[in-house]
Amino acid sequence: MHALVGDAVRKACSELFSVELAEGQLQLQKTRKEFEGDITVVVFPLTKLSKLSPEATGEALGKFLTEQVAHVSKFNVVKGFLNLSMSAEFWKGFFAAALKQDDFGFASPNSAPHVMVEYSSPNTNKPLHLGHLRNNFLGYSVSEILKAVGHRVTKVQIINDRGIHICKSMVAWKNYGNGETPESSGLKGDKLVGKYYVEFDKAHKAQMKALIKQGMTEEQAAQQTAIMQEAQEMLRLWEARDEATIELWTKMNGWVYDGFASTYKSMGVDFDKLYYESNTYINGKEEVEKGLAAGAFFQKEDGSIWIDLTDEGLDQKALLRKDGTAMYITQDIGTAILRFRDFPDLAYQIYTVGNEQEYHFKVLFMILKKLGFEKADQCYHLSYGMVELPEGKMKSREGTVVDADDLMEEMATVAQEVSAEQGKLEGLPEAERNQLFHIIGTAALKYFLLRVDPKKNMLFDPKESIDFNGNTGPSVQYTYVRTQAIQRRYAEAHPGFNPKEANSEGHTLSTAESEVVAKMYEWPAVLRMAATTYNPADIAHYSYDLAKLYNAFYQDHQIVKETDEQARNFRLALTYKTGVVIREAMRLLGISMPDRM
RNA sequence: GGCCCCGUAGUUCAAUGGAUAGAAUAGAAGUUUCCUAAACUUUUGAUAUGGGUUCGAUUCCCGUCGGGGCUACCA
């Protein structure tokens, strides 16, 4: 429609005003719903060419377009806006074509370049929390959206399994754990390890207090506590491959992975390949050595290796410690290069990481460039905002962290309560019901987190449970369930009915019907936009809009009971296709559709 | 201190420089002898502030005020 009208307006301008439109002078937008029409030409930019008032220019264009262009049936001019209406045949023709196209809106698989999407990337010393949920849902959804527009996608995560943080948990477990295991305690593995991370912090704080009393400054004390020294010693032992340390490390990380696996399963996300920092940090060290030899980096007297980014307006940045051990950024250098080596056809990679690390990635990409890495420009930081609580940022020390498992479970409970209130699902076996509650609960959560522009910070209030009414996941699910229920009902009396084949040639579309069709028409463009901006929120909003229009249509149209065969066939087809588009759109958000609820 | 991001109905979110700033929720008023009311209909209510650019600014530029983040030989 845009292309059709765009070309026509260009032609009109050259014939009416004898000028060629420059890029940017042609402005087309969807007509606002207060006005009559489907597509609007913004006339202001054209007045300079036409040398007429905005109104007169609009009238002239409108007259030309309705007379000369097929499918443009009517026009009206309001101020400087030319509203064009497409003909009924245009909408019916579009719907008939879309109906038969099972992959309507989607590009064919592997028709676009191979991309890698990194997300999740947890530390292995504590359980996943609300921030990880936004990260995982976003990364998973962006991957699905990229696949939908034809990319081959490899989903990965880098597991931060190495470093002082895990050593802290290890020391605390060794000192205070009495051999406790997930089996003996009944705790999920990641929760158990997280518990000892907190234990470490407690002991460390207590020891600091004592040292400060003896006259040390806070900074000194933080370095000097016995337990901190022990953790640092453990890190040294780990890098030296000390057998007992590696054994403990392997065991505790194993517990964490078991815990994560169950959380990921509950979230409905997965990965094609895992990278472990404990492997990639070695590559990073090698790359840093190479860079030093090539003169990209420099070494300080104490032996530490740095990069000078002051020319770029940034600071100097350490890349390797004086004792030669790797830092966070060291392994990131190695990982980036390793990934392109693992997948030679990789066009680019996307890092789904919070916006507090924007500086880190800016520096990382600059380092890669200085190293002469040819794919340095093919790395993109998909930066997303934090999830804030009413009292501000989540802080594990203050116990204000919202745990991922707890939250998902709570959402399922709310789903159960809502369902019970309305007396639904009573005949269903318990296992099936619980599965439904999980599907509905996670839908509410995913939609809540994905409907917001990823770049923006957002607020979550744990005291107010996430809504199930209005612009929410369950509400969209409900509409889908409605489309399925109607089709089931019709099939009872008419087995073998195929909405794709049913004849509705003679049916004239009502306003509500054509609004649903017009919204459906937008789907391919919405999907492309979401893919180019890495923004699942576009898809969430679209799904809700479509569901809302369908519900309005449903409200005052008979479907199964409609006596006119052509009208009934059309409405059944519309119901079928709306269901398909909603299901596919929500699938791209990682939200699955129940058959009933 | 320096750098970056954000201030939109009571609240949570929308709005490629375009029309009368949209939704949801909360508040008010309605709709179930008819395919599931997690729905539908009506209604109240907002661009922090002062300038500038523009035919036109929530959007772009500058200042002020407010909020957040980064600025480790932590990850």
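Below, chain A is the first sequence line, B the second, and so on; all start at residue 1. Owing to the predicted nature of the structure, the values given are computational and were not obtained by experimental measurement.
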Give a yes-or-no answer on whether the side chains of A/Asp161 and A/Asn253 include a donor-acceptor pair shorter than 3.5 Å. no
Judged by modelled atom types alone, do A/Thr31 and A/Thr40 share a side-chain donor-acceptor pair under 3.5 Å? yes
A/Thr325 side chain to A/Arg321 backbone, donor-acceptor under 3.5 Å: no
[N] phosphate, OP1 or OP2, under 4.0 Å from [X] side-chain N/O:
| X | N | value |
| --- | --- | --- |
| A/Lys79 | B/rU20 | yes |
| A/Gln422 | B/rA38 | yes |
| A/Lys456 | B/rG69 | no |
| A/Lys30 | B/rU16 | no |
| A/Tyr554 | B/rA37 | yes |
| A/Arg321 | B/rA75 | yes |
| A/Arg32 | B/rA19 | yes |
| A/Ser475 | B/rA39 | yes |
| A/Asn469 | B/rA39 | yes |

Students often get this wrong, so: under 4.0 angstrom with heavy atoms, is [X] touching a base, only sugar-phosphate, or nothing?
| X | result |
| --- | --- |
| A/Phe460 | nothing |
| A/Ile440 | base |
| A/Lys424 | base |
| A/Met529 | nothing |
| A/Arg596 | base |
| A/Phe35 | base |
| A/Lys322 | base |
| A/Asp538 | nothing |
| A/Ile559 | base |
| A/Asp556 | nothing |

Could you tell me how far [M] sits from [N] if I compare only their [atom1] atoms? Round to whole Å.
| N | M | atom1 | result |
| --- | --- | --- | --- |
| B/rA39 | B/rG50 | P | 40 Å |
| B/rG10 | B/rG69 | C1' | 28 Å |
| B/rG7 | B/rU12 | C1' | 15 Å |
| B/rG66 | B/rA26 | C1' | 26 Å |
| B/rU44 | B/rA23 | C1' | 16 Å |
| B/rC6 | B/rU47 | C1' | 14 Å |

With nearest nucleotide decided by heavy atoms, which residue, A/Ser419 or A/His360, maps closer to the 5′ end of RNA chain B?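 Going by which nucleotide is closer to the 5' end, it is A/Ser419.
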Let me spell it out: for each of A/Leu235 and A/Ala415, pick the nucleotide of RNA chain B with the closest heavy atom. Which residue's pick is nearer the 5' end?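 It is A/Ala415, whose closest nucleotide lies nearer the 5' terminus.
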Can you tell me how far CE of A/Met327 sits from CD1 of A/Ile305, rounded to the nearest 0.5 angstrom? 11.5 Å
Between CG of A/Asp332 and CD of A/Glu287, what distance do you get to the nearest 0.5 Å?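 That separation rounds to 13.0 Å.
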Partner lookup for [N], please. Criteria are Watson-Crick or G-U wobble with both distances under 3.5 angstrom; report none if nothing qualifies.
| N | value |
| --- | --- |
| B/rA23 | B/rU12 |
| B/rU41 | B/rA29 |
| B/rC65 | B/rG7 |

Looking only at the side chain of [X] (C-beta and beyond, no hydrogens), which of the listed nucleotides [options] gets closest?
| X | options | value |
| --- | --- | --- |
| A/Arg482 | B/rA75, B/rA37, B/rA24 | B/rA37 |
| A/Pro45 | B/rC4, B/rG18, B/rC34 | B/rG18 |
| A/Tyr544 | B/rA23, B/rC35, B/rA75 | B/rA23 |
| A/Val418 | B/rA38, B/rA19, B/rC35 | B/rA38 |
| A/Gln27 | B/rA38, B/rC74, B/rU16 | B/rU16 |
| A/Gln29 | B/rA75, B/rU16, B/rC13 | B/rU16 |
| A/Lys548 | B/rA75, B/rA23, B/rC70 | B/rA23 |
| A/Lys393 | B/rA75, B/rC4, B/rG69 | B/rG69 |

Do other residues, nucleotides or ligands put more than 12 heavy atoms under 6.0 Å from [X] [atom1]?
| X | atom1 | value |
| --- | --- | --- |
| A/Glu218 | CD | no |
| A/Met366 | CE | yes |
| A/Lys74 | NZ | no |
| A/Gln435 | CD | no |

Check: [X] ring centroid to [Y] ring centroid under 6.0 Å:
| X | Y | value |
| --- | --- | --- |
| A/Phe200 | A/Tyr197 | no |
| A/Phe365 | A/His381 | no |
| A/Phe297 | A/Trp306 | no |

Can you tell me if A/Phe81 is stacked onto the base of B/rG18, using a 5.5 Å centroid cut-off and an angle below 30°? no
Where along [range] does a heavy atom come under 4.0 Å from RNA chain B, residue by residue in number order?
| range | result |
| --- | --- |
| residues 560-572 of chain A | A/Val560, A/Lys561 |
| residues 311-320 of chain A | A/Asp315, A/Ala318 |
| residues 37-44 of chain A | A/Thr40, A/Val42, A/Phe44 |

Angle class for the [X]/[Y] ring planes (parallel below 30°, perpendicular above 60°, tilted otherwise)?
| X | Y | answer |
| --- | --- | --- |
| A/Phe497 | A/Tyr490 | perpendicular |
| A/Trp238 | A/Tyr281 | tilted |
| A/Tyr534 | A/Tyr380 | tilted |

Value in whole Å for how far the [atom2] atom of [N] lies from [atom1] of [X]:
| X | N | atom1 | atom2 | value |
| --- | --- | --- | --- | --- |
| A/Gln484 | B/rC35 | CD | C1' | 13 Å |
| A/Ile582 | B/rA38 | CD1 | P | 16 Å |
| A/Ile158 | B/rA75 | CD1 | C1' | 12 Å |

Pick out which of A/Asp467, A/Ile466, A/Asp461 makes a side chain to side chain contact (heavy atoms under 4.5 Å, CB included) with A/Glu464. A/Asp461
